[in-house]
Each structure stands twice: as structure tokens, then as C-alpha cells.
Amino acid sequence: MYTQGLDQKDKSAPKREQLETPEQLEAFQARIDAEEKIEAKDWMPEAYRRTLIRQISQHAHSEIIGMQPEGNWLTRAPTLKRKAILLAKIQDEAGHGLYLYSAGETLGVSRDQMVAGLLSGKAKYSSIFNYPTLTWADIGAIGWLVDGAAIMNQIPLCRCSYGPYARAMVRICKEESFHQRQGFDILRVLCAGTAGQKAMAQDALNRWWWPSLMMFGPNDADSKHSAQSMAWKIKRFSNDELRQKFVDVTVPQAEFLGLQVPDDDLVFDQESGHYRFGEIDWQEFIEVIKGNGPCNRQRLGKRRKAHDDGEWVREAARAYGEKQAAKAAA
Ligand SMILES: [Fe+2]
Ligand SMILES: [Fe+2]
């Protein structure tokens with residue numbers, strides 16, 4: 001099992017990077033430039049491996065933590081049909097987390113190590129899931145905006161240079177588009193309902209709009225990993241390009257719903273064909289990333305408890321595995 005960087009034992013041994021030759025690095029980049037997929041057993045630079053482990057594990061953690069704000073509404077969904085749809089959607093997210101942990105494991109890090117990173121607070125997950133779901137309309141806003149932003153981010157990942165990640169994303173993206181539509185449909189019904197229901201939808205948009213724009217990460221000028229990830233074709237578009245695409249697609253949908261995007265600076269620029277939008281409150285983003293968002297402690301606390309509560313299942317599975325192995329050896 002590969003553990004360097006996570007659990008390095010021999011401090012005097014040269015780091016893997018130091019053993020990499022310029023020829024190896026050049027040959028690797030040539031494969032990337034030729035649009036070849038890099039597979040688990042292929043040689044890869046240590047920094048490429050580490051970047052992917054960080055990104056894939058953060059992605060997996062986001063899927064798992066992201067179940068919490070929606071799970072909060074499962075027992076309060078307004079109809080049986082909405083409940084069944086929401087339940088299916090949340091189960092999809094669990095599945096996404098599991099494919100992604102598996103994709104991460106192909107890079108030589110164990111699922112236990114990745115989960116330990118999340119539970120210790122060392123590994124990050126998407127800042128959006130640290131906001132509370134106060135009303136049923138928030139479930140609509142999450143599907144429409146949060147899954148919508150996730151799709152923008154994830155469609156290009158289907159062409160990511162690392163094969164196992166790219167392939168996991170294909171199915172995930174299909175499911176995300178169902179998630180986006182179910183969210184939009186919740187808001188469509190609320191917006192066609194009573195004045196109170198429409199106000200609830202507007203309030204949800206007011207609270208989720210800006211955090212959704214933050215999901216694309218810092219502006220390009222401040223994004224420290226972006227340039228290298230683009231060169232390695234892990235990333236295909238910059239944060240600002242993806243954010244712009246999201247705004248261009250989503251503003252007309254808000255208009256269709258009869259909702260007002262909470263941005264006084266939002267204007268359609270005829271010349272470029274894009275919407276111009278106001279400045280994001282980056283201070284808020286930084287605070288949420290640092291662990292000071294409205295629900296950070298609650299989310300991690302709940303995940304830790306769920307992990308502890310599941311210990312008996314892991315223990316039973318281990319005991320069963322040992323029993324089977326003993327039987328096979330006998
Ligand atoms: Fe997902
Ligand atoms: Fe989703």
C-alpha cells in the first residue's frame with residue numbers, strides 16, 4: 001500500500017519526486033498532450049498523484065457530507081412522491097461518494113486514510129454544504145443550483161486525464177442532471193403556487209445564489225493549483241470560465257421561474273453575450289473553508305458520530321472476512 005506523504009516512516013529516504021528524471025516527466029507530459037488516459041498502474045509524477053488524491057478525496061467527502069443538508073428534509077417532504085424522489089437523490093450521492101473513494105484507492109491511498117482525513121478536519125469538502133436548509137424551497141435550490149454548479153464542474157472531468165476518475169464521472173454526471181431537474185421542478189411548483197410559496201422560493205434563491213457561485217473556487221488569479229491542473233488536463237476549464245458558464249445558463253432559468261437573482265450588478269452584456277455579475281464576498285468563502293461557516297461543526301460532528309456508530313458493521317465484516325480466509329486456508 002502506498003502511504004508516502006500520508007504516513008511517511010523513513011525520513012532519510014529520498015522523496016519520490018527526487019527520483020523523477022526530466023525524461024520521465026517529459027514522456028508523461030507527452031502522453032497527456034496526446035490525450036492518452038493515465039491508468040492506475042502507469043508511471044506518474046508524485047505531484048500528479050498527490051493532486052488527484054487531494055481532489056478525488058475532497059470530491060468524495062463532498063458527496064458524503066452533502067447528504068446531510070438534504071437528509072434534514074426527508075421526513076418533512078410535502079408528498080410521498082417528493083419524499084421518494086429525494087430519497088433516491090440522496091442515495092445517488094452516497095453512491096457517488098463510494099465510486100470516488102474507489103477511484104481514489106487506485107492511486108494507492110486507502111479509503112480508511114481518506115475518511116480519517118475528513119474526520120480529523122484535515123481534508124476539505126465543498127464549502128456549500130456548511131449552509132443550513134431552512135425551508136422545503138432550499139431542497140429545490142440545492143438541486144437546481146448546487147447540483148447545477150456540480151454538473152458544470154464535473155462534465156469536463158469526464159475527460160480528465162486520469163482514467164479511473166474520468167470513468168467514474170460519466171455515471172455521476174448522468175445522475176447529477178436528474179438531481180438538477182428535480183430541484184428545478186420543486187421550485188417550479190412553488191413558484192406557480194401561493195404568494196407565500198413563491199416568497200419561500202425567492203428566499204431560498206437569495207440565500208443559495210452566492211454560495212453556489214463560490215463552489216467554483218477562487219478567482220483564477222488566486223487559484224494556486226489551477227495552472228498545473230490545467231497542464232495535466234485534470235482540469236479543462238478555469239474556475240472563472242466555469243462560473244461564467246453557470247451564470248449564463250442559470251439566470252434565464254431564474255427568469256423563467258419569475259425569481260429575482262440577488263445581485264444588483266447583474267446585467268446582460270450584448271457585446272460578449274455573457275452576463276456580468278457582482279463581486280463575490282471572498283471573506284465569507286474563506287471563513288467557511290476555515291471551518292467557521294454556519295454548519296461546519298454540526299456536519300463534521302454528525303459524520304464522526306455516524307462513523308463511530310458504524311464501527312460494529314466494520315468489525316463484523318472484518319470478522320467474517322477472517323472466518324472466510326481461515327476456512328479457505330483449512
Ligand atoms: Fe453527486
Ligand atoms: Fe447530486
Side-chain angles (χ1 to χ4, degrees), residues 6 52-75 85-107 109-133 138-139 141-143 145-151 153-154 157 160 164-165 167-180 182-183 208 211-212 214-215 217 288-291 293-314 317:
L6 291 153
L52 277 167
I53 289 176
R54 192 189 65 244
Q55 182 170 336
I56 295 174
S57 63
Q58 279 181 11
H59 191 165
H61 302 329
S62 302
E63 302 283 357
I64 297 297
I65 295 284
M67 294 195 292
Q68 289 187 34
E70 292 177 298
N72 183 35
W73 277 90
L74 268 178
T75 53
I85 293 170
L86 184 60
L87 189 58
K89 193 258 190 207
I90 296 172
Q91 284 174 337
D92 284 351
E93 307 298 8
H96 297 173
L98 299 186
Y99 312 149
L100 289 164
Y101 284 127
S102 298
E105 284 189 311
T106 66
L107 291 156
V109 61
S110 73
R111 181 164 149 188
D112 283 348
Q113 284 172 304
M114 289 184 270
V115 170
L118 171 67
L119 299 182
S120 73
K122 213 173 131 209
K124 301 288 176 216
Y125 56 86
S126 182
S127 59
I128 193 85
F129 300 119
N130 292 311
Y131 290 86
T133 41
D138 287 21
I139 301 306
I142 288 184
L145 300 174
V146 177
D147 289 274
I151 292 170
N153 258 322
Q154 293 175 6
L157 286 173
C160 156
Y165 192 25
R167 289 189 290 273
M169 291 319 300
V170 174
R171 175 163 173 186
I172 289 178
C173 282
K174 284 185 182 152
E175 293 177 346
E176 295 300 0
S177 73
F178 152 64
H179 300 170
Q180 195 268 353
Q182 66 87 36
W208 289 91
S212 299
M214 294 175 198
M215 283 178 71
V288 178
I289 294 276
K290 275 192 345 206
C295 301
N296 294 58
R297 280 168 198 83
Q298 183 189 333
R299 301 287 186 245
L300 260 191
K302 210 167 175 181
R303 184 91 287 280
R304 286 192 188 114
K305 182 177 183 308
H307 190 76
D308 291 346
D309 289 350
E311 178 56 31
W312 70 271
V313 180
R314 292 188 296 278

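All residue numbers refer to positions in the sequence shown, counting from 1. The structure displayed is predicted, hence computed values, not measured ones.
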If you compare all heavy atoms of [X] against all heavy atoms of [Y], which two are closest, and at what distance to 0.1 Å?
| X | Y | answer |
| --- | --- | --- |
| Gly97 | Ala60 | O-CB, 3.8 Å |
| Ile53 | Ser57 | O-OG, 2.7 Å |
| Ile90 | Gly71 | CD1-N, 3.6 Å |
| Pro69 | Phe129 | CG-CD2, 4.0 Å |
| Ser62 | Ser126 | OG-N, 2.8 Å |
| Val146 | Ser212 | CG2-OG, 4.2 Å |

Hey, does the side chain of Asn296 reach the backbone of Val288 with a donor-acceptor pair shorter than 3.5 angstrom?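 Yes, the answer is positive, given that a donor and an acceptor are paired below the 3.5 Å cut-off.
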
Give a yes or no on whether the backbone of Leu98 and the side-chain of Arg111 come within a donor-acceptor separation of less than 3.5 Å. no

Partners meeting side-chain hydrogen bond (donor to acceptor under 3.5 Å, both in side chains) with [X] (sequence neighbours left out):
| X | result |
| --- | --- |
| Lys290 | Glu287 |
| Glu175 | His96, Arg171 |
| Asn153 | none |
| Thr133 | Asn72 |

Is the shortest heavy-atom distance from the side chain of [X] to the side chain of [Y] under 4.5 Å?
| X | Y | result |
| --- | --- | --- |
| Tyr131 | Asp138 | no |
| Leu118 | Ile65 | yes |
| Met114 | Glu105 | yes |
| Glu311 | Asp308 | no |
| Glu93 | Asp147 | yes |

Per the salt bridge (charged side-chain N to carboxylate O under 4.0 Å, His left out) rule, what does the pair list look like for residues 294-306, sequence neighbours excluded?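 Output for this query lists Lys305-Asp309.
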
Keeping to residues at least two apart or across chains, list the salt bridge (charged side-chain N to carboxylate O under 4.0 Å, His left out) pairs with something in residues 64-74.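 Output for this query lists Glu70-Lys89.
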
Over 60° means perpendicular and under 30° means parallel, so classify the ring planes of His59 and Tyr165, tilted if in between. perpendicular

Are Gln298 and Asn130 close enough, and set up right, to give a side-chain contact (heavy atoms from CB on, under 4.5 Å), and what steps lead you there? CA-CA 9 Å; Gln298 183 189 333; Asn130 292 311; over 6 Å; no

Given Ile151 and Cys173, is the side-chain contact (heavy atoms from CB on, under 4.5 Å) satisfied, shown in steps? CA-CA 6 Å; Ile151 292 170; Cys173 282; 5.7 Å; no

How long is the straight-line distance from CD1 of Ile172 back to CG of Leu100, given to the nearest 0.5 Å?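 One finds 4.0 Å between CG of Leu100 and CD1 of Ile172.
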
Going from CE on Met169 to SG on Cys160, what distance comes out if it is rounded to the nearest 0.5 angstrom?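 Rounded to the nearest 0.5 Å, the CE-SG separation comes out at 9.0 Å.
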
Is there a side-chain hydrogen bond (donor to acceptor under 3.5 Å, both in side chains) between His179 and Gln182 once you walk through the steps? CA-CA 5 Å; His179 300 170; Gln182 66 87 36; over 6 Å; no

Please evaluate residues Tyr101 and Val115 with respect to the criterion side-chain contact (heavy atoms from CB on, under 4.5 Å), reporting the C-alpha separation (whole Å), side-chain torsions for both, the decisive distance (0.1 Å), and the verdict. CA-CA 9 Å; Tyr101 284 127; Val115 170; 4.2 Å; yes

Do the side-chain N and O atoms of His61 and Gln58 include a donor-acceptor pair separated by under 3.5 angstrom? no

